[in-house]
S.K.: 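What follows is a structure written as structure tokens; I'll ask about it next.
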Amino acid sequence: MQHEDMLPRSTVTQLIDAHGTVVEDEQYALPSVEALLAAYRGLVDARRINDQASALVRQGRLAVYPSSHGQEACQIGAALALSPDDWLFPTYRDSVAVIARGVAPAEAMVLLQGGWHSGYDVRRHRVAPQATPLATQLLHAVGFAYAAKQRGEDTVVMALCGDGATSEGDFHEALNFAAVFRVPVVFFVQNNGFAISVPLSRQTAAPSLAHKAIGYGMPGRRVDGNDVAAVLAVLGEAVALARSGGGPSLIEAHTYRMQAHTNADDDTRYRERSEVEEWAARDPLARLRTHLTATGALTDAREEEFAAGAEEIASAMREALAVDAEVDPEDLFRFVTATRSPQLDEQWRLLRGEIDRTRTEDPAQQQIHGGSR
Amino acid sequence: MQHEDMLPRSTVTQLIDAHGTVVEDEQYALPSVEALLAAYRGLVDARRINDQASALVRQGRLAVYPSSHGQEACQIGAALALSPDDWLFPTYRDSVAVIARGVAPAEAMVLLQGGWHSGYDVRRHRVAPQATPLATQLLHAVGFAYAAKQRGEDTVVMALCGDGATSEGDFHEALNFAAVFRVPVVFFVQNNGFAISVPLSRQTAAPSLAHKAIGYGMPGRRVDGNDVAAVLAVLGEAVALARSGGGPSLIEAHTYRMQAHTNADDDTRYRERSEVEEWAARDPLARLRTHLTATGALTDAREEEFAAGAEEIASAMREALAVDAEVDPEDLFRFVTATRSPQLDEQWRLLRGEIDRTRTEDPAQQQIHGGSR
Amino acid sequence: MTIAHDDIRVAGEVAPVATLSMAAALNLALADAIEADTAVVVFGEDVGALGGVFRITDGLTARFGEDRCFDTPLAESGIVGTAVGMAMNGMRPVVELQFDAFALPAFEQIVSHVAKMGNRTRGVVRMPLVIRIPFGGGIGGVEHHCDSSEAYYAHTPGLTVISPSTPQDAYSMLRAAIASPDPVIFLEPKKLYWTKGEVDTSIVAEIGTARVAREGTDVTLLAYAASVPLALEAAEVASAEGRSVQVIDIRSLSPFDDATVTAAVRATGRAVVIAEAPGYSSVASEIQARVFERCFEYLEAPVRRVTGFDTPFAPPKLEHWYLPDVDRVLDAIDSLHWEDES
Amino acid sequence: MTIAHDDIRVAGEVAPVATLSMAAALNLALADAIEADTAVVVFGEDVGALGGVFRITDGLTARFGEDRCFDTPLAESGIVGTAVGMAMNGMRPVVELQFDAFALPAFEQIVSHVAKMGNRTRGVVRMPLVIRIPFGGGIGGVEHHCDSSEAYYAHTPGLTVISPSTPQDAYSMLRAAIASPDPVIFLEPKKLYWTKGEVDTSIVAEIGTARVAREGTDVTLLAYAASVPLALEAAEVASAEGRSVQVIDIRSLSPFDDATVTAAVRATGRAVVIAEAPGYSSVASEIQARVFERCFEYLEAPVRRVTGFDTPFAPPKLEHWYLPDVDRVLDAIDSLHWEDES
Ligand SMILES: Cc1ncc(C[n+]2csc(CCOP(=O)(O)OP(=O)(O)O)c2C)c(N)n1
Ligand SMILES: Cc1ncc(C[n+]2csc(CCOP(=O)(O)OP(=O)(O)O)c2C)c(N)n1
Ligand SMILES: [Mg+2]
Ligand SMILES: [Mg+2]
């Protein structure tokens, strides 16, 4: 690759604009109608999952939910750009992408419900645990891809992070290792303009985040993160490059988090409502609906079918989270190491004794919980 | 600054080539004859200091010496590019730059002699302690510059590191903080091709290290690190930019470490002698001597005067290191915190007792040392 | 993650003595310190417009401007490393690291520089900086949000490590930390952020001292941070059962107040150490070992400890099983070879 | 800094039983592990062509190729974080961090992921990786090159922390570490790299067990790593003075072999813990506290500890004052309330 080709183009790639109009691009083709319909269906599900989860927080069924409302084109684009055998390394904000890769919503919500640190089988779904310590998972993605490459597998690994996370040292080390070892990783940054309350201008003085790529020797690309067509095209190119042995890429999507950082956040403290409204006009669902309706691909019947599908997911989520899943205190000791040490055995015996005593003292008590003597 | 202007030029800036011939440059002017003469004198001293220190290691007077033999143009260029009130943040390899900023050689050698962790008064000399943990000092430089800028002082801070250190997370965080807060720091990377045994190709896949600059939003420049004229010109520009409020720069100097990493290293394990010889032909002293002699600025008398000056420094070094400086075991406890805790008092009493007993048992013993009863 | 909270916004509007939450007391301490010394600067992630995810810096930027309280890029090593440089150049940085586990990226800067710069330069360059870290559990936070990492810092020579358990100490100890010429790791028990108490801003705390939180003659409970109210609760229950329980708030984890603690345990002859962190190689083991060694002849029973288990911190739904609770403390007290029993 | 050394180059040329330096034994263990399991990969800074600054990986790249032993970019968090990903995907990474203090940039990856991934995933993703760290003093190294940071790791739930004191254990324990399904912090006492001893490659070490290094009936010395030869030396001197001194090589810092240690100290009734690291909140304090608690009724005297001071590690010229030495150990033994004395 020529050095100049590592630099992002001067404009952000967009294939369908905010009004649903197709934009001609000399480099990227518009995905097929089927692909766009599938993406649209994904967006409808995604939006419903986001809003259902937020509602469940309000109802006290979930402890916390970092919503990707507004970023659904990135979430669905990331999930659809991968082949079934590929791997995704997501963050706390990427529950929708995780679900779009096949994880059951209820399993994805275990973390946010407080039942365990991660609720799905990462191997079965080829989705790493959602990472909380920022940028750390990017290195895991690199090591994972390294191992796959060494074994001659053609797995591609998609590693997600936010704009804020690009400031962490681990971001730097991950991109550098990836480029030096030329591993098949796509680094996909959802630049939603904020790291909690801190705006992008406090995160970087660079022309764009994609301009960091050349400093590692990989291509950097910018894409409209609210245009799923463009996201699919640009990520598709990066995935193909990685799969063909061309090494890693850095993709920056320009998007916006429409809600607060989490339910516990108060975004009125740090951003104007007018800004939020501006971004509402660039909604990823609306534009694709306009486009697909205009081309006739999206009929009312289809739209209803999609809505019904999304509603099904949402009601399954509600149902799954309506019951308090049983938790087993011994789990605290079960998984720390492959073989439990005598120290942990001893500590479990202590806790076991406390639990037994609680139950004996109050035999009516079915559910295990902390008691006071 | 335009975005393109942050990218380094396609060629490495050189003003005097390896044969001593002046190279025309549209952007950078050749420094004045006086400046070049001063630099040449610096180079002569620098070479002598390097070789004297290495000799002292062989004689067992120094424990270790990471020589900058071959990199003297960078060392002297860095020292001369700064004004007296500016600050230098050096590494373990930058003893020569430290001395060129005014620190007495014997004080600079305290670390390498094993007497203490740092041997000079950092405030008096405006030189931070030589840093060992790679890239960590770059952040200190940023914070230091931030404080100066806040107070309206026009201090510029020069932060040094090697090519290997650019892979550390702290490198990334330092450059990013510097650019976001637009602080007056010049990051000067001496790319000598190796991090101990690891070649640059294992450190980065980027077109150059200077290409990292645009990813932070600062100019990146490449310079022939064996051409002190070019180093002075390029660093001079960066220092001026910083002083005028234009923010940080990243300068990459292409140079070569002619000797092993330290005396304890064996560079025959990882590099060809032919490569070392190639670089010998690009020696920073020889080319400047050729140039200055050709222009008549460097006379035999001057050359002798410089050599004598260097010899004086070397003999002072030998003298200072010939005697074993007294060390005081209480120093272990004196500086840990501003006020000594009762715990440390108690521990010092323990050691004091041991020392007293050693002395009592063997009153002949003048020098304090570890005894066995 | 941000955590639900009440707003504080008390900066600059409080009388010398007032009833404040610990969060408000910390906020006031920062405001007063900024006002008292132009060298003091507060920075970190989200400490500006947002006022911190726990609102401890609420209103500071609005009141004092960006020069005195500001947001940084999201990089903890960057925050601490920059603070080191600022401290080298006349400032008194007070940085916030958002949650305990997110201090870990800064660990090299803390251990290799914050803790050692003064020693390295023979006292020429001191490190008058404060690293504030909300720590501990009890708020139902997800993984990485509830750790207690004090052992990492307490084990590191050169660091002062302190943690308040009352709004008064929160105020006075934070002021003392900011005034200290040495680097201070200031651990804020987030579980106690919203507990209220009287704060007299004229009280000056002395770092390195423990505090007798409750008098008692039969047994001494040694606790710090969120374990202090727990110890007081256990003492109350035990006293109803006829035991006179003394509670000592260690509050200065390093340096340690041997004089107070040794005298206390020698007087009662029995002791239990309480802390949330995993017990192995912990501050609790240090306290246990010290007390054992210094009070050996005075002990009626082995010193016990009640700590978190040697497992990663529990997920929210299992947290109550993980954390030391009153029953566990009472069991430990019961085990101290009482003559009136068996 | 690299350190003067003898070459090793023994990989693959040694009989089942041979006399080797600890460095050579480690080198052989790596070679044998690479040969035994295609999943094993060795990487880090300078481990390839150079063979590591201590030559522990000498010859591995030449013999097994870049696929099995290779250099990385200079970034410790990168090394460990990449190893986490490789371990997630079927590899068994064995990484070298060059000196103890240079493991610190990787601390977040170690604590937040290496230690917790297995727990987080309910055992679905184990972390069969080994982090080798040369540690400790005694070689006249400059600042940052001689620290003993075992407490940071031992305090962290989920990590196995071990350190050999003999060439035999160096070989057997490193093989066991590489074979372990759990992440192991493998601490190599650099002072002992060049001490020689017999190595039988057929001996399999069991992680979690202590080793009785010398029998004795009057007092038990509890030591690990470079403090084991020191304890043995002190035992020799003390025995000349008429005391029968037992020495236990802890070697598995976490998990800890309570059974062996408790039985030993109960039998002698006296104990001294020896370690180089600063004593405060350390592994030594943990051992001291455990022994106190479990042997309380059997103790003739308080358990003592001999450790490094709570100061940054000494510069080379003061190192001998800093490190525990025979006299300091003998003084501690003398303080154990002997009946034959006053
Ligand atoms: C190492 C680390 N530091 C701090 C945090 C606390 N934190 C959680 S999310 C967040 C902001 C992240 O911003 P960004 O990367 O832009 O992702 P977004 O939330 O916008 O998706 C912060 C500071 C963390 N999780 N990890
Ligand atoms: C954080 C850290 N990791 C590892 C080391 C060990 N080390 C000392 S020098 C060095 C190589 C540095 O290479 P480079 O940055 O190119 O500087 P040079 O020595 O070539 O001047 C290494 C790995 C260190 N000092 N600090
Ligand atoms: Mg963001
Ligand atoms: Mg180099």
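Each chain gets a letter, A, B and so on, in the order the sequences are listed, and its residues count up from 1. Scope of the values below: all heavy atoms of this structure, side chains included, with no hydrogens, waters or symmetry mates.
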S.K.: Taking side chain as everything from C-beta outward and backbone as N, CA, C, O, which of these in D:A314 sits under 4.5 Å from a heavy atom of chain B? Side chain, backbone, both or neither.
M.R.: both

S.K.: Measuring heavy-atom distances to chain D, does B:L332 have an atom under 4.5 Å in its side chain, in its backbone, in both, or in neither?
M.R.: both

S.K.: In terms of heavy-atom pairs under 4.5 Å, which option from D:F309, D:Y322, D:Y280, D:F313 contacts chain B the most?
M.R.: D:F309

S.K.: Specify the closest pair of heavy atoms between D:V247 and D:A235, including all atoms of both residues, with the distance to one decimal.
M.R.: CG2-CB, 3.9 Å

S.K.: Parallel, tilted or perpendicular: which fits the ring planes of B:F333 and B:W348, with parallel below 30° and perpendicular above 60°?
M.R.: tilted

S.K.: Any side-chain donor-acceptor pair under 3.5 Å between B:N50 and B:S68?
M.R.: yes

S.K.: Looking at B:H117, B:Q113, B:Q203, which makes the most heavy-atom pairs under 4.5 Å with chain D?
M.R.: B:H117

S.K.: D:E319, D:E45, D:R328: which one forms the most heavy-atom pairs within less than 4.5 Å of chain B?
M.R.: D:R328

S.K.: Classify the ring geometry between B:Y270 and B:F194 as parallel (under 30°), tilted (30 to 60°) or perpendicular (over 60°).
M.R.: tilted

S.K.: Relative to the ring of B:F335, is the ring of B:W116 parallel (under 30°), tilted (30 to 60°) or perpendicular (over 60°)?
M.R.: perpendicular

S.K.: Counting only non-hydrogen atoms closer than 4.5 Å, does D:S77 touch chain B with its backbone (N, CA, C, O), its side chain (CB onward), both, or neither?
M.R.: neither

S.K.: Once the angle between the rings of D:H145 and D:F102 is folded into 0 to 90°, is it parallel (under 30°), tilted (30 to 60°) or perpendicular (over 60°)?
M.R.: perpendicular

S.K.: Check each atom of D:E76 against the heavy atoms of chain B and say whether the ones under 4.5 Å are side chain, backbone, both or neither.
M.R.: both

